[in-house]
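Submitted below is the structure of interest, expressed as structure tokens.
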Protein chains: 2
Amino acid sequence: MEGIPERLAAKPSWLITQLATHARRLSAAGHEDARAGAYHYRILAALREFGAQSQADLGRRGNLDRSDVVAALNELAASGCIERTPDPADRRRNLVRLTDAGVDQLHRMDRSLDRVQDELLGPLSADERATLTGLLTRLLAHHRTS
Amino acid sequence: MEGIPERLAAKPSWLITQLATHARRLSAAGHEDARAGAYHYRILAALREFGAQSQADLGRRGNLDRSDVVAALNELAASGCIERTPDPADRRRNLVRLTDAGVDQLHRMDRSLDRVQDELLGPLSADERATLTGLLTRLLAHHRTS
DNA sequence: TCGTAATCGTTGGTGTAGCCAACGATACAG
DNA sequence: CTGTATCGTTGGCTACACCAACGATTACGA
């Protein structure tokens, strides 16, 4: 079987979306023991690095829709990873706080995600990995601000 | 608002999946006048470059599940872009053929997708674009064969 | 040659990711 | 005080990537 149509193989948008599918597959496999998905990781990461904050802030920092934050927080609360308390300073908001169990969960996911990066970048040298992440970071910053 | 958590921003898997989301958004915007999606383009591209072939072949070349090929072909047939005829040499198969209208549709989508690549790669120089596509191509080939 | 395996198109699901609209409650600016 | 904005929440949607199973057909091996 001859390979993939040139029209596809030559398009960066094809390369990126196809590689993203592989990245998702690898991440899902890495997370299967943690029983958590990408949304949960983004939230735990934002909580760890920026401290207790509102659900809206979590959504902005992790690039999540407010409604998706709600669902993910429900699951994280059910497994004891976070706690929701009304913000006394602004009664519209919930203050979301990371529990010790949440920190443990984050570290577990960190370790499996580190392994995932290695599988994902497979054949690339350290220099090439740095070049790639540099280019991707610039592109992402461009699309985030424009 | 401080930016994105370091844990995320530093991970190639995050960069790739996020950039893929932007790529999908741009592509969808480009395709909105064509009333077709990525699946349709992959099929049209495979038909154009490899000629009339079975639905299973289309799926393998465009990296699509057989069942998704069925649905996309139903829509492409409804808009007159392809024709399905039973393969006389193997009565399990359908021979899918590209019509003139299908060629036109493919060219329309080609043009908008070319514009999409430019928006997607935005700030990168020609050299950087070549470097990026080279790295992505190597990674994709690695994950396709392994 | 006969029976088993493999392939094909099709139907009908599943799960994830990224959205959007609308609601009541609350905060804030004029 | 009145409008505007934000917050959490509910309920929905689309696209994309899959999987299992079925009847029909073909290929292959004993």
Side-chain angles (χ1 to χ4, degrees), chain A residues 1 8 13-14 16-32 35-43 53-60 62-77 82 84-96 143-144, chain B residues 1 8 13-14 16-32 35-43 53-60 62-77 82 84-96 143-144:
Chain A
M1 171 83 57
L8 296 180
S13 64
W14 163 266
I16 288 166
T17 54
Q18 288 300 112
L19 194 57
T21 296
H22 287 282
R24 282 187 226 275
R25 223 201 316 273
L26 291 172
S27 298
H31 288 332
E32 72 181 4
R35 280 206 197 119
Y39 283 3
H40 306 96
Y41 182 74
R42 302 193 207 173
I43 288 174
Q53 58 199 285
S54 73
Q55 304 185 186
D57 284 345
L58 288 172
R60 283 184 284 264
N63 209 24
L64 290 170
D65 191 86
R66 308 204 303 282
S67 58
D68 298 321
V69 174
V70 172
L73 283 183
N74 287 342
E75 294 159 1
L76 286 172
I82 61 104
R84 264 191 278 220
T85 54
D87 185 342
D90 185 341
R91 304 210 316 273
R92 291 172 300 182
R93 302 184 180 180
N94 286 338
L95 261 186
V96 182
H143 289 287
R144 193 151 289 299
Chain B
M1 170 83 58
L8 296 180
S13 64
W14 162 267
I16 288 166
T17 54
Q18 289 300 112
L19 194 57
T21 296
H22 287 282
R24 282 186 226 277
R25 222 200 316 273
L26 291 173
S27 298
H31 288 332
E32 73 182 3
R35 285 215 190 107
Y39 283 4
H40 306 96
Y41 183 74
R42 302 193 207 173
I43 287 175
Q53 56 199 287
S54 74
Q55 302 185 188
D57 284 345
L58 287 172
R60 282 185 285 264
N63 209 24
L64 289 170
D65 190 86
R66 308 204 302 281
S67 59
D68 297 321
V69 174
V70 172
L73 282 183
N74 287 341
E75 294 159 1
L76 286 172
I82 61 104
R84 264 192 278 220
T85 54
D87 185 343
D90 184 343
R91 304 209 316 271
R92 290 172 301 184
R93 303 185 180 179
N94 287 337
L95 262 187
V96 182
H143 288 287
R144 196 149 288 299

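Below, chains carry the letters A, B, ... as their sequence lines are ordered, and counting in each starts from 1. Since the model is a prediction, treat every value here as computed from it, not as a measurement.
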Handout entry: For atom CD of A/Glu75 and atom P of C/dG15, their distance in whole Å
Key =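 After rounding, the reported distance stands at 12 Å.
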Practice task
Would you kindly give the CG-to-P distance between A/Asn94 and C/dA25, to the nearest whole Å?
Solution key: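 The distance from CG of A/Asn94 to P of C/dA25 comes to 15 Å, rounded to the nearest Å.
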Handout entry: With B/Thr17 via side-chain hydrogen bond (donor to acceptor under 3.5 Å, both in side chains) - residues at least two apart
Key =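 Partners of B/Thr17 by the side-chain hydrogen bond (donor to acceptor under 3.5 Å, both in side chains) criterion come out as none, since no residue qualifies.
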Practice task
Identify, with sequence neighbours excluded, every residue that meets side-chain hydrogen bond (donor to acceptor under 3.5 Å, both in side chains) alongside A/Glu32.
Solution key: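 Testing A/Glu32 for side-chain hydrogen bond (donor to acceptor under 3.5 Å, both in side chains), a comparison that skips the adjacent residues, returns none.
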Exercise for the section: Starting at CG of A/Asn94, measure out to OG of A/Ser54 and round the result to the nearest 0.5 Å. Expected result: 8.5 Å
Handout entry: Nearest-nucleotide comparison on DNA chain C, the residue closer to the 5′ end among A/Arg24 and A/Ala89
Key = A/Arg24
Exercise for the section: Let me know the distance between CZ of A/Arg25 and P of C/dA17, rounded to the nearest Å. Expected result: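 So the CZ-P distance, A/Arg25 to C/dA17, works out to 14 Å.
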Exercise for the section: Please check the phosphate of C/dA25 (OP1 and OP2 only) for any side-chain N or O of A/Arg91 closer than 4.0 Å. Expected result: no
Fill in the blank from the handout: Ranking A/Leu73 and A/Gln18 by the position along DNA chain D of their nearest nucleotide, the one closer to 5' is A/Leu73
Practice task
Indicate, with a heavy-atom threshold strictly under 4.0 Å, whether A/Ala38 touches base, sugar-phosphate, or nothing.
Solution key: sugar-phosphate
Practice task
Check whether any side-chain heavy atom of B/Leu8 lies under 4.5 Å from a side-chain heavy atom of A/Tyr41, and answer yes or no.
Solution key: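 A side-chain contact under 4.5 Å exists here.
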Handout entry: Nearest-angstrom distance from the residue atom OH of A/Tyr41 to C1' of C/dT16
Key =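 Atom OH in A/Tyr41 sits about 19 Å away from atom C1' in C/dT16.
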Exercise for the section: List in chain and number order the residues that pass side-chain hydrogen bond (donor to acceptor under 3.5 Å, both in side chains) with B/Asp87, two or more places apart in sequence or in another chain; answer none if no residue qualifies. Expected result: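 B/Asp87 satisfies side-chain hydrogen bond (donor to acceptor under 3.5 Å, both in side chains) with no other residue.
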Handout entry: Which residue lies more 5' along DNA chain C, comparing A/Asp90 with A/Tyr39 via nearest heavy atoms
Key = A/Tyr39
Practice task
Report the distance from atom CD of B/Gln55 to atom CZ of B/Arg92, rounding to the nearest 0.5 Å.
Solution key: 13.5 Å
Exercise for the section: Please identify each residue that fulfils side-chain hydrogen bond (donor to acceptor under 3.5 Å, both in side chains) with A/Asp68, with sequence neighbours left out. Expected result: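 With neighbours one apart ignored, the set is empty.
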Atom pairs under 3.5 Å: protein N/O with N/O of nucleotides 11-13 of chain C:
from   : atom 1 : to      : atom 2 : distance (Å)
C/dG12 : O6     : B/Ser67 : OG     : 3.3

Problem - Between C/dA17 (P) and A/Asn63 (CG): distance, integer Å - result: 13 Å
Exercise for the section: Would you please name every residue forming a side-chain contact (heavy atoms from CB on, under 4.5 Å) with A/Ala36, sequence neighbours left out? Expected result: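 Scan of A/Ala36 (side-chain contact (heavy atoms from CB on, under 4.5 Å), adjacent residues dropped) gives A/His40, A/Gln105, A/Met109.
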Exercise for the section: For B/Ser54, report the nucleic acid contact type (base, sugar-phosphate, nothing); a contact means any heavy atom under 4.0 Å. Expected result: sugar-phosphate
Practice task
Can you tell me the distance, in whole Å, between the NE2 atom of B/His22 and the C1' atom of C/dA17?
Solution key: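 So the NE2-C1' distance, B/His22 to C/dA17, works out to 14 Å.
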Fill in the blank from the handout: Where DNA chain D forms runs of at least three Watson-Crick or G-U pairs (i with j, i+1 with j-1, under 3.5 Å), the stems are C:1-30 with D:1-30
Handout entry: Those residues that, when tested against B/Arg93, pass salt bridge (charged side-chain N to carboxylate O under 4.0 Å, His left out) (two or more places apart)
Key = B/Asp90
Fill in the blank from the handout: Smallest heavy-atom separation, B/Ala72 atom then B/Ile43 atom, equals CB-CD1, 3.6 Å
Handout entry: Working for side-chain contact (heavy atoms from CB on, under 4.5 Å), residues B/Leu58 and B/Leu73
Key = CA-CA 10 Å; B/Leu58 287 172; B/Leu73 282 183; 4.2 Å; yes
Fill in the blank from the handout: Min and max contacting nt of DNA chain D in 5' to 3' order, chain A heavy atoms within under 4.0 angstrom, are D/dA5 to D/dC18
Completion exercise
Taken in chain and number order and not counting sequence neighbours, the residues that satisfy side-chain contact (heavy atoms from CB on, under 4.5 Å) with A/Asn63 are A/Arg42, A/Arg144, B/Trp14, B/Gln18
Exercise for the section: With sequence neighbours excluded, tell me which residues meet ring-ring contact (aromatic ring centres under 6.0 Å, His included) with B/His143. Expected result: A/His22
Which atoms of nucleotides 2-7 of chain C (N or O only) lie under 3.5 Å from a protein N or O atom, and what are those distances?
from  : atom 1 : to      : atom 2 : distance (Å)
C/dT7 : O2     : B/Arg92 : NH1    : 3.2

Problem - Nearest non-hydrogen partners of B/Val70 and B/Arg84, listed with the distance - result: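 Between these two residues, the closest heavy atoms are O-NH1, 4.2 Å.
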